[in-house]
Amino acid sequence: MTKERLVMIGNGMAGIRTIEEIIIRDPNKYEITVIGKEPYPNYNRIMLSNILQKKMTIDETIMNPYEWYEEHGIRLINGDKVDEINKEDKFVKTEHNIKVAYDKCIIATGSNSFILPINGSRLDGVIGWRTIEDTKKMIEMAKTKKKAVVIGGGLLGLECARGLLDQGMEVTVVHLAEWLMEMQLDKKAGELLKQDLMAQGMKFELQANTQEILGEDQVEAIQLSDGRILETDMVVMAVGIRPITKEARAAGLEIGRGIIVDDFMRTSDPNIFAVGECCEHNSKVYGLVAPLYEQGKVLADYLTGNETEGYKGSTTFTSLKVSGCDLFSAGKIHTSESIKGIETFNSVDNVYKKIFVEDNKIVGAVLYGETADGNRYYNMMKKNETIEEYTLVSLLHKVGEGEATFNVGDMDDEETICGCNGVSKGTIVQAIKEEGLTSVSEVTKMTKAGNSCGKCKGQIGELLEYTLGDSFEVNKPEGICGCTSLTRDQIVTQIRAKGLKTSKEVRHVLDFEDKDGCPKCRPALNYYLNMIYPNEHQDEKESRFANERYHANIQNDGTFSVIPQMQGGVTNADQLIRLGEVAKKYDVPLVKITGAQRIGLYGVKKEELPEIWEELDMRSASAYGKKTRSVKSCVGKEFCRFGTQYTTKLGIKLEQTFEYIDTPHKFKMGVSGCPRSCVESGVKDFGVIGVENGFQIYIGGNGGTDVVAGTLLTTVKTEEEVIKLCGALMQYYRETGIYAERTAPWINRMGFENVKEVLLDSEKQEALYNRIMEAKQAVSEEPWNNIINDKESRRIFEVEKVR
């Protein structure tokens, strides 16, 4: 059977989604040719703002790589543009004079940026923003230019302005309306958005009309209609888009604002169809991705002979991809005689919610600051659901009481999770169960959910957890926690690149799902910031685990263990007396020598901790945190007849040098005076074994549930070399380790030979050692060195006592 020839003019999101839907329905019906004017395979245009904001690379925006076209037998002609559509002879011709015949032709040419027809609009430095090339050009321009004016305070303009800020430019947004995003937000939400963006460094000129762009050859300034002049060396036009219809018009197709189509996406020629931003349906032109995908599904049904009711228009929604500004808008968002608004505003947390009701049904919603209910309202609007059973406004319900909490488990299967791609809860759950999916990325690949704006990835994660239950945690290979899909390396890179200085800033700028963080990411982010900025970052005690805050380890009965520092296991009579007196006074149930050669007091009540530490007048052993835990040593050559080196002295020196320095996980050391290794140096993160000619160094040994033997790194002659190597190892581990990753899996991940090469390179070793000494200097005066003077710790104890 001969295949029909299908030509797609346009290689963008709407066109390729249509091709994908056709292949799903009938992969053998058409011989497909795709012609695109850009020199790239299909990419996610929505994510161009993430490239500009340094969140993604160009490669990460590619949705269908070249291999996809080959796999499905699709002829791709890219970097070329169709300049003629001959509907009589049924062929198209490109600028490079390639002629392609068709039986069916789909036009998906998209739109162009609208450039204001004002003086100066052709000057060098004036640019629209629609493509990868535009994005690359802006990034290049930002390297030499300092000031940018973005004309247009809509969705595209604000995402562009945020990106130019991230590129290091001073940015002013000039907007004609009274408030930002006036087509999607009401005045209150627009004002809240402006406040948040101003706090990020953006400047605004509202109710301002650009009259002229000034300059000789290059942009130098813009002049507003009131006569004011704003100096700038870049102008970005973000005042709207215009459907690309030139070739369709020349072919004699019916044109309005766009290429006019019916409910089945047919143009005025029965063999030519149109989808996406270039087409006009029922007098509407859509610029958002969700309606374009809905059009693509209808057209795919029609072209493959599947039953379809046709395209009936779309209920649209909007979200902004600017970190720290959470907003959602859908439907009709202005009141009238028939449309009434119901709103709440929590000025404490800057959370604003307004729903718009007509005939007892939600017809629109504006959410700012907290958008979790967006999908629910959107689904209610699509289902035309009444609000008779809902309480319209409620205040100060206790969490989990009075007002039902909403989660994805409560949703019906037909309700939408991914609005951009029109993917329902039922589709995702079915894919998870039938395909054995265990990660957000797998769900996205299989269902398309989450591959456009990405805002629904949090709900996809919830659905995985809801569907898989306890096994989800085991199989979750995404980001450092459920709040983000970003990995450790991506987060550290972004912290450095953007100069982020607090955990809160990291969570907002990197767009964590939960802006408050969770027990996994809060301590991890605090560690990464401490590691990157040892002298600048203010340690966030509230992000540390309870054991570290209390300087005591909680036991199985709710009491605590108190373990004072005894370097190298060495103590004296005065310390022993104080330990005995405290144990007796507070009726401590158990006094025990620990495995790290210290004396621990076990069974201490929480409220007694401050007084006990005060009376002991001893520093806390680092027995609770992810840092240098202990240096275990034998008596060595000084007393032992087998000893070859003086180990107690070296053990104390190691502990003094590296005490209290944060590491990704606990870091233990052992110093043995001879190969008998009484202190088990071979299963320590850093193990030292004295031999006749010096010290053997073992690294990556871990005790615990899964015992891993250390690997011999080298043999050195002097104690100074031991200390230098230890510092270099710790710092390399600190800088490349994932939070909560022990040294054994770290070395396995990094490769032992690579670690060895770095540590034994004298220049690299010296540099690493110097950096860890910088970190040590930053913690040498930290409060935990003298707990009694730690006001913050005492405050935490007092708060906990009240609880």
Side-chain angles (χ1 to χ4, degrees), residues 487-489 491-493 495-496 523-537 539 548 622 625-631 650-651 653-671 681 684-688 695 697-702 710-714 716 718-782 784-785:
T487 65
R488 176 262 181 212
D489 289 347
I491 289 170
V492 169
T493 298
I495 289 173
R496 294 185 194 276
L525 294 180
N526 186 50
Y527 166 73
Y528 295 138
L529 289 163
N530 281 339
M531 181 269 293
I532 294 168
Y533 306 115
N535 293 305
E536 298 177 49
H537 180 244
D539 187 65
E548 296 177 80
S622 185
K626 290 177 170 55
K627 56 187 67 180
T628 306
R629 279 286 180 91
S630 63
V631 183
L650 177 56
K653 195 179 293 185
L654 281 167
E655 190 162 351
Q656 288 174 339
T657 304
F658 303 114
E659 62 185 355
Y660 304 119
I661 297 176
D662 285 332
T663 48
H665 209 297
K666 58 189 175 185
F667 193 92
K668 295 184 177 183
M669 293 178 255
V671 183
S681 297
K684 298 289 191 276
D685 299 281
F686 185 81
V688 182
F695 303 91
I697 307 298
Y698 289 80
I699 63 172
N702 290 174
T711 304
L712 178 64
L713 178 69
T714 188
V716 297
T718 67
E719 292 183 353
E720 288 67 27
E721 289 176 286
V722 172
I723 292 170
K724 275 281 181 71
L725 260 181
C726 181
L729 171 69
M730 286 184 71
Q731 186 63 15
Y732 192 41
Y733 173 44
R734 294 179 79 242
E735 293 179 358
T736 59
I738 298 168
Y739 186 75
E741 178 183 43
R742 292 293 305 273
T743 55
W746 169 72
I747 287 176
N748 186 54
R749 178 170 61 84
M750 298 291 291
F752 175 77
E753 291 303 323
N754 169 65
V755 174
K756 179 178 180 179
E757 182 179 345
V758 169
L759 297 182
L760 299 187
D761 181 304
S762 58
E763 290 186 9
K764 292 178 180 177
Q765 182 187 119
E766 185 70 22
L768 288 164
Y769 182 77
N770 289 338
R771 290 201 292 274
I772 201 166
M773 285 298 97
E774 183 183 351
K776 173 63 192 306
Q777 187 178 11
V779 300
S780 62
E781 299 301 324
E782 281 291 303
W784 55 65
N785 285 3

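Please read all numbers here as calculations on a predicted model, not as lab measurements. Numbering of residues begins at 1 and proceeds along the displayed sequence.
Judged as a salt bridge (charged side-chain N to carboxylate O under 4.0 Å, His left out), and not counting sequence neighbours, the contacts of R749 are E741. For K666, the salt bridge (charged side-chain N to carboxylate O under 4.0 Å, His left out) test picks out no residue, with sequence neighbours left out. Listed by chain and residue number, nothing satisfies the salt bridge (charged side-chain N to carboxylate O under 4.0 Å, His left out) test with E757 (two or more places apart in sequence, or in another chain).
Residues G710 and Y698 approach most closely at O-CD2, 3.8 Å, considering heavy atoms. The minimum heavy-atom distance linking R734 with A775 is given by the pair NH1-CB, 3.7 Å. The shortest non-hydrogen separation linking R496 to Y533 is CA-OH, 4.3 Å. What you find for L725 and L759 is that their closest heavy atoms are CD2-O, 3.8 Å. Scanning both residues, T663 and M730, for their nearest heavy atoms gives CG2-CE, 3.8 Å. In terms of heavy atoms, Y528 sits closest to R488 at OH-CG, 2.9 Å.
Residues K653 and I723 form a side-chain contact, since some pair of their non-hydrogen atoms from C-beta on lies under 4.5 Å apart. The side-chain heavy atoms of L768 and N770, taken from C-beta on, include no pair separated by under 4.5 Å. The side-chain heavy atoms of K684 and F667, taken from C-beta on, include no pair separated by under 4.5 Å. Side-chain contact check for K756 versus L713: some heavy-atom pair is nearer than 4.5 Å. E735 has its side chain within reach of R771: a pair of non-hydrogen atoms, C-beta onward, lies under 4.5 Å apart. Residues Q765 and Y769 have side chains not in contact (no heavy-atom distance under 4.5 Å, counting atoms from C-beta outward). A 4.5 Å side-chain heavy-atom check between I697 and L712 finds every atom pair outside the cut-off. Inter-residue side-chain proximity for P664 and I738 is flagged as unmet; no heavy-atom pair is nearer than 4.5 Å.
Between L650 atom CG and E655 atom CD the span is 11.5 Å, to the nearest 0.5 Å. Atoms CZ and CD1, from F686 and I699 in turn, are 8.5 Å apart once rounded to the nearest 0.5 Å. Atom CG of N530 is separated from atom CD1 of I661 by 12.0 Å, given to the nearest 0.5 angstrom. Going from atom OG1 of T657 over to atom NZ of K776 covers 6.5 Å, rounded to the nearest 0.5 Å. To the nearest 0.5 Å, atom CG of residue L525 and atom CD1 of residue I491 are 5.5 Å apart. A distance of 5.5 Å separates OG1 in T714 from CG in L760, rounded to the nearest 0.5 Å.
A side-chain donor from one of N535 and E774 sits under 3.5 Å from a side-chain acceptor of the other.
Looking at R742, its side chain never comes within 3.5 Å of a backbone N or O of N702 through a donor-acceptor pair. Between the side chain of T743 and the backbone N or O of D685, no donor-acceptor pair lies under 3.5 Å.
Within the structure, salt bridge (charged side-chain N to carboxylate O under 4.0 Å, His left out) contacts touching residues 524-534 (residues at least two apart or in different chains) do not occur. Applying the side-chain hydrogen bond (donor to acceptor under 3.5 Å, both in side chains) test to residues at least two apart or on different chains, the pairs with a partner in residues 720-730 are T718-E721, K724-E766. Annotation: ring-ring contact (aromatic ring centres under 6.0 Å, His included) contacts involving residues 741-765, sequence neighbours excluded, comprise Y732-W746, Y733-W746.
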Side chain to side chain contact (heavy atoms under 4.5 Å, CB included) assessment of Y739 paired with H665:
CA-CA 7 Å; Y739 186 75; H665 209 297; over 6 Å; no
Evaluate the side chain to side chain contact (heavy atoms under 4.5 Å, CB included) criterion for residues C726 and L654: first the C-alpha distance (whole Å), next the side-chain angles of each, then the deciding distance (0.1 Å), finally the verdict.
CA-CA 8 Å; C726 181; L654 281 167; 4.0 Å; yes
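Taking a cutoff of 4.0 Å between a charged side-chain nitrogen and a carboxylate oxygen, K627 and D662 qualify as a salt bridge.
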